[in-house]
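Everything below concerns the one structure shown next.
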Amino acid sequence: MSLRVRFAPSPTGDLHVGGARTALFNWLMARKTGGTFILRVEDTDGARNTAEASAGILKGLRWLGLDWDEGPEAGGDCGPYFQSQRKDIYDAYFKKLEDAGRVYAEPDGAMRFKFSRTAITVHDLVCGDVTFAPTEEPDMTIRRPDGSYIFHFVNVVDDIEMRMTHVIRGEDHLSNTWKHIDLFNAFGATPPTYVHIPLILNPDGTKMSKRDEGSAIEHSYMNAGFLPDAVFNYLCMLGWTPKAESEKLSRSELTALFDAEAIHSSNAKFDLKKAQWFNAQYLRELSPDALLQQARPFLTAKGLQWTDDAMAAAAVHSVREKVSLLTELPEWVHYFFREDFPFEEDVVAKLKAKPENADLLKAASDQLAQATEWTEQSVHDAVEAAANTLAIKAGKLMPLLRFALSGQSRGPGVTTIAHLIGKEKTLARIQRALREVVDN
RNA sequence: GACCCCUUCGUCUAGCGGUUAGGACACAUCCCUUUCACGGAUGCGACACGAGUUCGAUUCUCGUAGGGGUCGCCA
């Protein structure tokens with residue numbers, strides 16, 4: 001029998017790192033074994049579920065590249081994949097329990113499932129065999145007075161109906177799993193193999209919730225300048241250590257290496273710095289075109305515009321090693337796209353303190369103006385020539401030129417900037433700097 | 001309160017009876033360098049505690065402490 005796993009989010013809010021990582025491990029397990037990854041939306045709580053949240057979760061999963069084989073918009077023969085549309089199935093299963101004498105009504109009409117009150121063992125690939133002795137806990141409610149069903153019930157019914165072979169979910173469910181098994185038994189069904197994965201905690205060790213920094217996929221990653229591959233990779237490292245030399249691994253490598261039994265049983269704290277490090281690694285590998293494609297929305301959001309994609313691609317590529325997030329890109333490249341860029345104030349003050357800087361800039365400008373071709377090499381040669389006539393080192397001129405051309409004291413190589421913006425703008429920017437900054 | 005899971009550098013972790021306890025991120029220093037970065041090198045830094053088993057415990061067992069989780073007509 002081929003493996004079937006599912007991610008079963010409740011659409012009450014954004015896709016969360018914890019949920020994303022659960023989906024990720026399910027996906028990895030399915031892809032590794034050639035099994036089926038199912039997406040099931042657990043929207044039985046009409047009061048708290050929203051269509052926006054549901055759409056947001058799908059969007060987040062797609063962004064991470066977690067495609068599902070069955071589920072919303074994908075179809076499948078176990079549908080519908082929204083629990084809100086499966087009432088007939090639940091009614092039928094409820095009837096089985098009723099016939100077996102395993103349910104009874106509360107005064108207000110709510111229905112409870114009569115626990116077997118026997119010891120129940122959960123077979124878990126991560127936690128091992130965990131046995132729960134019979135408890136004093138009250139029988140659980142499985143149906144509300146209005147006829148709608150409760151999570152534990154629908155979850156189990158669907159796992160039976162959708163023929164799940166493994167249930168990979170957060171460890172917060174482990175304590176309730178015996179109730180699910182009790183239900184499986186009551187239906188005469190075989191429980192799936194469980195894989196309870198550790199939780200992702202805040203840096204301070206508290207449980208990560210929706211409000212916490214770094215928790216929402218869309219807000220903290222998609223919109224914060226992360227690359228999907230980097231987030232995918234980092235999330236895998238939280239609770240699982242692939243047997244590999246490097247931690248930086250591609251999707252296919254992670255898929256090949258995935259081993260559910262190797263997942264840790266202890267919780268992991270979230271480390272934004274490390275997530276950013278992964279992102280920086282992936283950012284640097286992007287080709288100029290690919291980087292521009294990723295960067296485009298972040299650049300335009302800052303009002304930067306251009307017509308020459310090749311030039312824009314070269315511009316972002318020239319600073320790829322200086323940033324770890326796409327959101328940092330605009331501040332590093334804005335001067336490639338506009339002539340009215342501001343000059344950093346502290347540098348202006350320094351330059352004004354040395355009037356001789358004007359002569360240095362003029363000398364560089366004169367040499368650059370004489371250049372017959374415009375390559376990084378020719379720019380370099382011109383600056384070198386200017387330095388020679390002044391009897392100083394070219395390294396003395398570079399910072400001045402950088403500032404004239406970008407308004408900043410840091411950035412890519414001066415020759416790279418000059419080459420990319422072209423001779424005309426290079427000379428014009430030097431004039432502007434002489435006018436507005438150095439001369440006074 | 002009851003029950004369940006967990007416990008190695010600040011963080012993620014390797015380790016599966018005998019190791020100078022290894023790596024990654026972060027941090028610090030140095031090198032490289034027209035800046036900022038990248039890269040390279042070095043450093044800093046951990047087995048929660050107590051018993052037991054054993055010739056020998058980070059590793060096995062039990063206990064304690066600490067952390068997390070569950071005990072909903074939320075999922």
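Below, all heavy atoms of this structure are taken into account, side chains as well, without hydrogens, waters or symmetry copies. The shown structure was predicted, so the numbers you read here are calculated from the model rather than taken from an experiment. Chain identifiers are assigned alphabetically (A, B, ...) following the order of the sequence lines, protein sequences preceding nucleic acid strands; residue numbering begins at 1 within each chain.
- Look at CD on A/Gln276: it is 15 Å from P on B/A37, rounded to the nearest Å.
- When the side-chain nitrogen and oxygen atoms of A/Arg169 are compared with OP1 and OP2 of B/A75, none of them lie within a distance under 4.0 Å.
- Taking atom CG of A/Leu272 as the reference point, atom P of B/A24 lies 21 Å away to the nearest angstrom.
- A distance of about 26 Å separates the P atoms of B/G63 and B/C71, rounded to the whole Å.
- Aromatic ring orientation, A/Tyr93 versus A/Phe187: perpendicular (interplanar angle above 60°, classes split at 30° and 60°).
- Rounded to whole angstrom, the span from the CG atom of A/Asp271 across to the P atom of B/C27 amounts to 10 Å.
- Classified by interplanar angle (parallel below 30°, tilted 30° to 60°, perpendicular above 60°), the ring pair A/Phe232/A/Trp27 is perpendicular.
- No hydrogens or angles were tested; on distance alone, nothing pairs the side chain of A/Lys273 with the base of B/C25 as donor and acceptor under 3.5 Å.
- Nucleic acid contact for A/Thr241: sugar-phosphate only, since backbone atoms but no base atoms lie under 4.0 Å from a heavy atom of the residue.
- Residue A/Val130 is classed as a sugar-phosphate contact, given heavy-atom separations below 4.0 Å to backbone atoms only.
- Checking the phosphate oxygens (OP1, OP2) of B/A14, a side-chain nitrogen or oxygen of A/His264 falls inside 4.0 Å.
- Residue A/Arg410 contributes atom CZ, which lies 15 Å from atom C1' of B/U34 at whole-angstrom precision.
- Using modelled atom types, one finds a donor on one side chain and an acceptor on the other under 3.5 Å when comparing A/His264 with A/Thr241.
- The base of B/G23 lies close enough to the side chain of A/Glu247 for a donor and an acceptor atom to sit less than 3.5 Å apart.
- For the pair A/Thr141 and B/C73, the criterion of a side-chain N or O lying under 4.0 Å from OP1 or OP2 is met.
- Between A/Ser175 and B/C5 there is no side-chain polar atom (N or O) within less than 4.0 angstrom of OP1 or OP2.
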Q: Report the C-alpha separation of A/Phe151 and A/Tyr149 in whole Å, then their side-chain angles, then the decisive distance to 0.1 Å, and conclude whether the ring-ring contact (aromatic ring centres under 6.0 Å, His included) test is met.
A: CA-CA 7 Å; A/Phe151 162 74; A/Tyr149 294 92; over 10 Å; no
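- Regarding contacts with the backbone of B/U70, a side-chain N or O of A/Lys207 is found under 4.0 angstrom from either OP1 or OP2.
- Looking at A/Asn267, its side chain has no donor and acceptor atom pair within 3.5 Å of the base of B/C5.
- Atom CD1 of A/Ile200 is separated from atom C1' of B/G69 by 15 Å (rounded to the nearest Å).
- Across B/C6, B/C25, B/C3, the shortest atom-to-atom separation from the side chain of A/Trp277 is found for B/C25.
- Between A/Trp240 and A/Phe258, the two ring planes are perpendicular [angle over 60°; tilted spans 30° to 60°].
- Here A/Arg144 reaches the OP1 or OP2 of B/C74: one of its side-chain N or O atoms lies under 4.0 Å away.
- The same atom, P, is picked in B/A46 and in B/A21; the two are 12 Å apart, to the nearest Å.
- The CD atom of A/Glu42 sits 9 Å away from the P atom of B/A75 (whole-angstrom rounding).
- Under the ring-ring contact (aromatic ring centres under 6.0 Å, His included) rule, A/Tyr221 has a single partner from A/Phe226, A/Tyr234, A/Phe278, which is A/Phe226.
- Among B/A75, B/G68, B/C71, the nucleotide with an atom closest to any side-chain atom of A/Leu199 is B/G68.
- Contact between the side-chain N/O atoms of A/Lys274 and the OP1/OP2 oxygens of B/G23 is not found at any separation under 4.0 Å.
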